[in-house]
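In each ligand, atom 1 is the first atom listed, and ligand 1 is the first ligand listed. This is a predicted model, so every value here is computed, not measured.
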Amino acid sequence: MYNIRKIDDDLTFVGVNDRRLTLFENVHPLPEGVSYNSYLLKDEKTVLFDTVDWSCGRQFFENVEAALDGRDLDFVVVHHAEPDHAATLDEILMRYPNARVLCSAKAKTFLEQFGHHIADRVDTVKNGDTVSFGKHELTFIGAPMVHWPEVLVSFDTTTGTLFSADAFGSFKTLDGVLFEDEINGAEEIAWLNEARRYYTNIVGKYGKNVQMLLKKASGLDIKMICPLHGVIWRQDIDRFIEKYDLWSRYEPEHLGVVIACGSMYGNTEQAADILANALVQRGVKRVRFFDVSKTHPSYVIASIFRYSHLVVASPTYNLGIYPTVHNLIDDMKNLHIQNRTISIIENGSWAPKSGSLIAKELEGLDNITYLGDPITVKSSVNDETRESLIALAQAIADDIYAKKNK
Ligand code: FEO
């Protein structure tokens with residue numbers, strides 16, 4: 001049975017919730033699911049904005065049919081060719097044989113590569129092109145690498161609606177909510193956390209491209225943002241754009257410390273725990289501690305984007321970095337983490353090396369400041385290393401206060 005909701009007189013939400021997918025892109029956990037958003041515009045022409053993942057096809061086709069309410073489908077706009085949004089395109093084209101696809105030339109190539117049969121049914125559009133569907137006029141805006149190279153977003157100049165593709169999206173199913181102003185206070189934090197985890201891990205690598213898109217968007221009178229995942233933004237748009245601006249410039253939201261710790265037998269963990277204790281006792285309010293063997297890196301990455309300081313604690317393992325810490329370091333490099341103050345704790349019983357190896361791995365990242373010398377734990381914390389950890393906590397606390405008072 002269909003499950004749709006009117007957004008305004010002409011636009012209807014026809015997207016779906018996916019609560020069964022365990023891992024987004026088969027990588028990132030989805031404890032609260034994800035939505036694949038799709039929108040149907042009914043003007044003189046009918047226009048479907050993107051489709052959804054195959055897993056939710058049945059619900060989606062019923063939604064589209066119900067929203068069309070007997071009318072034929074004239075156009076499908078494909079903003080983004082990734083299968084979580086375009087997998088059901090072929091089926092839509094079979095069900096509505098008069099529909100034509102509007103997408104970028106690169107999206108056309110990608111859709112064909114993914115096996116869609118669209119050759120004689122596509123009209124390619126590019127940055128700056130305008131298409132009228134009746135009273136609604138749509139302007140296409142190039143958004144390459146937000147999150148793939150073929151991406152276009154589009155702006156309905158009649159209503160001030162930005163169809164933003166993956167930008168401004170979030171993990172988490174909609175659960176009856178459609179607009180951000182329908183989320184109650186306590187749930188707001190959960191939404192922002194999942195929006196941050198979505199942005200930082202999925203689009204985080206492409207900060208420069210997001211900045212270019214924000215620049216283009218700043219010239220538009222945006223009344224509503226309709227992304228391809230998560231809630232529609234219509235009330236507190238500026239607040240979310242501010243977050244996107246910080247994230248895409250790799251600037252922290254808060255002064256605070258992420259402790260990313262790997263530990264084989266609890267000794268490196270104890271060193272990191274002593275540091276955390278000393279930080280809080282020195283008045284540092286925001287300390288987030290992660291055992292990186294237990295917490296998926298997507299959560300740690302989101303926290304690293306959020307806070308100003310990072311402490312990495314790692315045993316030496318096969319004369320290298322502990323595997324789960326190494327995995328996190330790889331993610332940090334891939335996502336181009338910048339502008340952070342980092343401290344390192346290493347452990348090794350006979351040849352401690354993880355600290356110098358972590359520093360070497362992070363060499364290519366921009367504007368990384370190291371605070372304190374790496375602390376070496378030999379098997380377990382002794383009086384001397386305990387003192388070094390307290391001194392490091394003091395140095396981090398001093399640095400945070402100095403930045404706060406700037
Ligand atoms: Fe939601 Fe890049 O796909």
Side-chain angles (χ1 to χ4, degrees), residues 13-39 48-57 59-60 76-90 92 101 103-104 106-116 140-154 162-174 178 191 194-214 225-233 240 244 247-248 298 301-302 331 334-336:
F13 181 82
V14 293
V16 291
N17 288 313
D18 188 346
R19 297 185 179 86
R20 296 193 169 199
L21 188 68
T22 311
L23 298 172
F24 191 76
E25 297 179 343
N26 219 2
V27 177
H28 308 286
L30 290 174
E32 297 181 272
V34 68
S35 71
Y36 311 116
N37 297 357
S38 172
Y39 307 90
L48 183 65
F49 294 99
D50 298 287
T51 65
V52 304
D53 190 84
W54 250 117
S55 57
C56 302
Q59 174 78 73
F60 175 61
V76 186
V77 172
V78 176
H79 291 106
H80 182 17
E82 193 164 4
D84 55 335
H85 308 296
T88 43
L89 176 64
D90 247 6
I92 283 288
V101 176
C103 67
S104 68
K106 207 162 253 172
K108 177 174 182 282
T109 303
F110 289 178
L111 290 169
E112 285 170 344
Q113 284 175 191
F114 277 108
H116 293 282
F140 288 95
I141 301 163
M145 300 318 299
V146 187
H147 134 241
W148 278 14
E150 87 294 2
V151 172
L152 292 170
V153 302
S154 64
L162 180 69
F163 295 97
S164 62
D166 273 343
F168 303 106
S170 173
F171 293 140
K172 198 166 162 31
T173 45
L174 291 166
L178 184 57
W191 268 106
E194 283 298 77
R196 183 187 296 105
R197 192 166 68 90
Y198 172 81
Y199 172 83
T200 55
N201 288 280
I202 307 302
V203 194
K205 182 183 179 77
Y206 308 110
K208 270 187 192 161
N209 303 79
V210 173
Q211 279 289 306
M212 283 159 61
L213 176 60
L214 290 178
I225 298 178
C226 292
L228 287 177
H229 301 285
V231 283
I232 294 170
W233 297 82
F240 201 36
Y244 256 68
W247 297 336
S248 57
S298 63
I301 286 292
D331 276 353
N334 290 336
L335 295 169
H336 296 167

Side-chain donor-acceptor contacts of residues 78-86 below 3.5 Å, not counting sequence neighbours, with atom names and distances?
| unit_1 | atom_1 | unit_2 | atom_2 | d |
| --- | --- | --- | --- | --- |
| H79 | ND1 | D50 | OD2 | 2.7 |
| H79 | NE2 | S154 | OG | 2.7 |
| H80 | ND1 | E150 | OE2 | 2.6 |
| H80 | NE2 | E82 | OE1 | 3.1 |
| H80 | NE2 | D166 | OD2 | 3.0 |
| E82 | OE1 | H147 | ND1 | 3.2 |
| D84 | OD2 | H229 | NE2 | 3.1 |
| H85 | NE2 | D166 | OD1 | 3.2 |
| H85 | NE2 | H229 | NE2 | 3.1 |

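Residues satisfying the salt bridge (charged side-chain N to carboxylate O under 4.0 Å, His left out) criterion with E112, sequence neighbours excluded, are K108. Not counting sequence neighbours, the partners of Y244 by the ring-ring contact (aromatic ring centres under 6.0 Å, His included) test are F168, Y199, F240, W247.
With 3.5 Å as the limit, one finds a donor-acceptor pair spanning the side chains of S55 and D18.
For atom 1 (Fe) of ligand 1, protein N/O/S neighbours under 2.8 Å (waters excluded) are D84 OD2, H85 NE2, D166 OD1, H229 NE2.
Applying the 6.0 Å contact sphere to NZ of K205 captures more than 12 heavy atoms from other residues, nucleotides or ligands.
Here the options are L228, L178, N17, the test is side chain to side chain contact (heavy atoms under 4.5 Å, CB included), and the partner is S35; only N17 passes.
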